[in-house]
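Remember, predicted model here, so these are calculated numbers, not experimental data.
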Amino acid sequence: MAGAEIAAQAAFKTALRRFTSTICLITTEWEGARYGMAATAVQSVTADPPTLLVCINQSASISGPLKLAGKFAVNMLHLSHAPLVPLFSGKLKGEERFAHGEWIGAGGVPVLGDAQAAFVCSLNSAVSVGTHDVVLGEVIEARFIENIAPLLYEDGKLVRSAALIDAAA
């Protein structure tokens, strides 16, 4: 890669740190094995039909099994789930990751039982873009907890949200 390309890529990565994103755990199950990874590249696409978009590095252990299983869950993390992030970001591998958290089965995939919100999805399509797959999943089940306190990622750190104006004022 030429010097200007490296500089442009570094600037791109630094600029991306300005995004604040909700941290999710993407999970699936294939042939009796559970797979999971932490992700911030998650977005709603449409409400009709309810569809989510997830970007997954093709080298991630979940990449192949998710496409083979044809289903996955997007588990939006609550502040209380901060300890799970490093475990699903490479500190642990495979089934070891699921020894932490309250996991239940829903729609044939592992779902974090006390997730801020959880979406069970049926794989609609996956398009390869560079090193990643852009995965579209049609939501077949959604669940959530009442206490709204999503775990966020900003500038390489875990952060929380805060209202700008007190609604009671």
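- Under a cut-off of 6.0 angstrom, the local environment of CD in Gln43 is sparse, with at most 12 non-hydrogen atoms contributed by other residues, nucleotides or ligands.
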Residues 63-70, side-chain donor-acceptor partners within the protein, below 3.5 Å, at least two apart:
| unit_1 | atom_1 | unit_2 | atom_2 | d |
| --- | --- | --- | --- | --- |
| Lys67 | NZ | Asp133 | OD2 | 2.6 |

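- Every pair tested for salt bridge (Lys or Arg N to Asp or Glu O under 4.0 Å) that includes a residue from residues 100-123 fails, sequence neighbours excluded, so the list is empty.
- Grouping Ile, Leu, Val, Met, Phe, Trp and Tyr residues whose side-chain heavy atoms lie under 4.5 Å apart, directly or via other members, places Val159 in a hydrophobic cluster with Leu152.
- Residue Leu79 holds its CG atom at 7.0 Å from OG of Ser161, rounded to the nearest 0.5 Å.
- Here CD of Gln116 is found 8.5 Å from OG of Ser80. Values are rounded to the nearest 0.5 Å.
- Criterion: ILVMFWY side-chain heavy atoms under 4.5 Å apart, direct or through other members. Under it, Leu87 and Leu151 are part of a common hydrophobic cluster.
- The list of ring pair (Phe, Tyr, Trp, His ring centres under 6.0 Å) pairs with a residue in residues 102-141, not counting sequence neighbours, reads Phe88-Trp103, Phe98-Trp103.
- Hydrophobic clustering, with ILVMFWY side chains joined whenever heavy atoms are under 4.5 angstrom apart, groups Val127 together with Leu136.
- The existence of a salt bridge linking Glu141 and Arg143 is confirmed by a sub-4.0 Å separation between a basic side-chain nitrogen and an acidic carboxylate oxygen.
- Val111 approaches Ala118 most closely through the heavy-atom pair CG1-CB, 3.6 Å.
- No single ILVMFWY cluster, assembled from side-chain heavy atoms under 4.5 Å apart, contains both Val54 and Leu84.
- Residue pairs meeting the ring pair (Phe, Tyr, Trp, His ring centres under 6.0 Å) criterion with at least one member in residues 44-84, sequence neighbours excluded, do not occur.
- Cluster annotation: Tyr35 is connected to Met76 through the hydrophobic network of ILVMFWY side chains, with a link wherever side-chain heavy atoms come within less than 4.5 Å.
- Taking Glu154 as the reference, nothing meets the salt bridge (Lys or Arg N to Asp or Glu O under 4.0 Å) condition, with sequence neighbours excluded.
- The shortest non-hydrogen separation linking Leu158 to Ala82 is CD1-CB, 3.9 Å.
- Note that the SG atom of Cys121 and the CD atom of Glu138 stand 9.0 Å from one another [nearest 0.5 Å].
- The side-chain hydrogen bond (donor to acceptor under 3.5 Å, both in side chains) test applied to Asp48 returns no partner, not counting sequence neighbours.
- Looking at residues two or more places apart in sequence or on another chain, you find a salt bridge (Lys or Arg N to Asp or Glu O under 4.0 Å) between Arg17 and Asp155.
- Counting all heavy atoms, side chain and backbone alike, Pro83 lies closest to Pro86 at O-CD, 3.5 Å.
- Remark: Lys13 pairs with no residue by the salt bridge (Lys or Arg N to Asp or Glu O under 4.0 Å) rule, at least two apart or across chains.
- Linking ILVMFWY side-chain heavy atoms closer than 4.5 Å, directly or via other members, places Val139 and Val74 in a single hydrophobic cluster.
- Counted by atom type alone, Ser128 and Gln58 present one or more donor-acceptor pairs between their side chains at under 3.5 Å.
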Return all side-chain donor-acceptor pairs below 3.5 angstrom for residues 22-31, not counting sequence neighbours, or 'none' if the list is empty.
| unit_1 | atom_1 | unit_2 | atom_2 | d |
| --- | --- | --- | --- | --- |
| Thr27 | OG1 | Asn75 | ND2 | 3.2 |
| Thr27 | OG1 | Pro110 | O | 2.6 |
| Thr28 | OG1 | Lys71 | O | 2.6 |

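- With rounding to the nearest 0.5 Å, the separation of CG in Leu112 from CG in Leu77 is 6.5 Å.
- Residues passing the side-chain hydrogen bond (donor to acceptor under 3.5 Å, both in side chains) test with Thr14, sequence neighbours excluded: none.
- At distances below 3.5 Å, not a single donor-acceptor pair connects side-chain atoms of Arg160 with backbone N or O atoms of Ala149.
- No donor-acceptor distance shorter than 3.5 angstrom exists from the side chain of Arg34 to the backbone of Glu95, with no hydrogens or angles considered.
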Report task. Report the C-alpha distance between Val109 and Val120 in whole Å, list the side-chain angles of each, state the deciding distance to 0.1 Å, and finish with yes or no for side-chain contact (heavy atoms from CB on, under 4.5 Å). Result -> CA-CA 8 Å; Val109 294; Val120 176; 4.0 Å; yes

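- With sequence neighbours excluded, the residues satisfying side-chain hydrogen bond (donor to acceptor under 3.5 Å, both in side chains) with Ser59 are Asn57.
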